[in-house]
Amino acid sequence: SKFRRRRLTFASTPRKGGSSDVDPGEECMFRAVEIGEKPAAPPPFPGNIVGTFSCHGIEPSYESNGDAVAKINKDRGSMVCPRAGNERQALFCVFDGHGEKGDLVSHTVMHEIQKRLAVALKLKDDPPAALKAVFLEVDQFLKVKLGTAAKYSGTTAVAVLLRDSHVWVAN
């Protein structure tokens with residue numbers, strides 16, 4: 001059977017400014033291509049420095065034949081560099097979805113955290129406060145946006161914000 005295979009690594013390059021249809025708070029994330037495909041543009045960091053891989057799993061079949069079936073990978077990862085217009089700042093995130101809609105939850109959280117963090121850092125330059133506020137905002141957003149999908153599914157979330165020689169981690 002067909003299923004989506006997800007991965008953690010990088011692929012696309014940041015959008016260049018000037019597009020009127022791009023939300024100014026949303027930056028382009030470096031996301032992976034499908035397994036086995038080559039990225040259209042080189043990633044911002046060499047693969048031996050930044051890059052991980054995650055492939056789909058299997059789960060037992062509840063049919064009488066007892067075979068295992070392919071399972072959608074609910075992992076997501078992203079890298080945003082430069083972050084919020086600062087060439088010396090980057091954001092790295094890893095999400096591990098769980099539950100029936102874990103892939104939807106982790107995908108939504110991946111986008112919302114990076115978008116909201118860009119805005120929060122521009123409003124007030126306090127990375128620890130911004131990370132905390134954004135994680136709490138996204139948690140509330142999930143309840144409204146995804147309803148029962150977020151009630152019975154979820155994701156872990158780990159974000160690392162680098163700026164110059166400083167590192168902030170949120171989960």
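Values below: every heavy atom of this structure, side chains too, minus hydrogens, waters and symmetry copies.
- The minimum heavy-atom distance between His98 and Thr155, with the atom names listed, is CE1-N, 3.3 Å.
- Looking at heavy atoms from C-beta onward, Leu121 lies in side-chain contact with Gln89 at the 4.5 angstrom threshold.
- In this structure, Pro127 and Asp125 have side chains that are in contact, with non-hydrogen atoms separated by less than 4.5 Å.
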Let me have the donor-acceptor pairs involving side chains of residues 135-150, under 3.5 Å, with sequence neighbours excluded, atom names and distances please.
unit_1: Glu137; atom_1: OE1; unit_2: Arg116; atom_2: NH1; d: 3.4

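- Taking all atoms of both residues into account, the shortest heavy-atom contact from Arg163 to Trp168 is CB-CZ3, 3.7 Å.
- Residue Lys74 holds its NZ atom at 10.0 Å from NZ of Lys101, rounded to the nearest 0.5 Å.
- The structure places OG of Ser78 at 7.0 Å from CD of Gln114, a figure rounded to the nearest 0.5 Å.
- Side-chain atoms of Thr156 and Asn171, non-hydrogen and from C-beta on, never get closer than 4.5 Å to each other.
- Note that the CG atom of Asp103 and the CZ atom of Arg76 stand 5.5 Å from one another [nearest 0.5 Å].
- Of all non-hydrogen atoms in Gly99 and Ser153, the two that sit nearest each other are C-OG, 3.5 Å.
- The minimum heavy-atom distance linking Gly77 with Met110 is given by the pair O-SD, 3.6 Å.
- If you take CG on Leu131 and CG on Leu91, they are separated by 7.5 Å, rounding to the nearest 0.5 Å.
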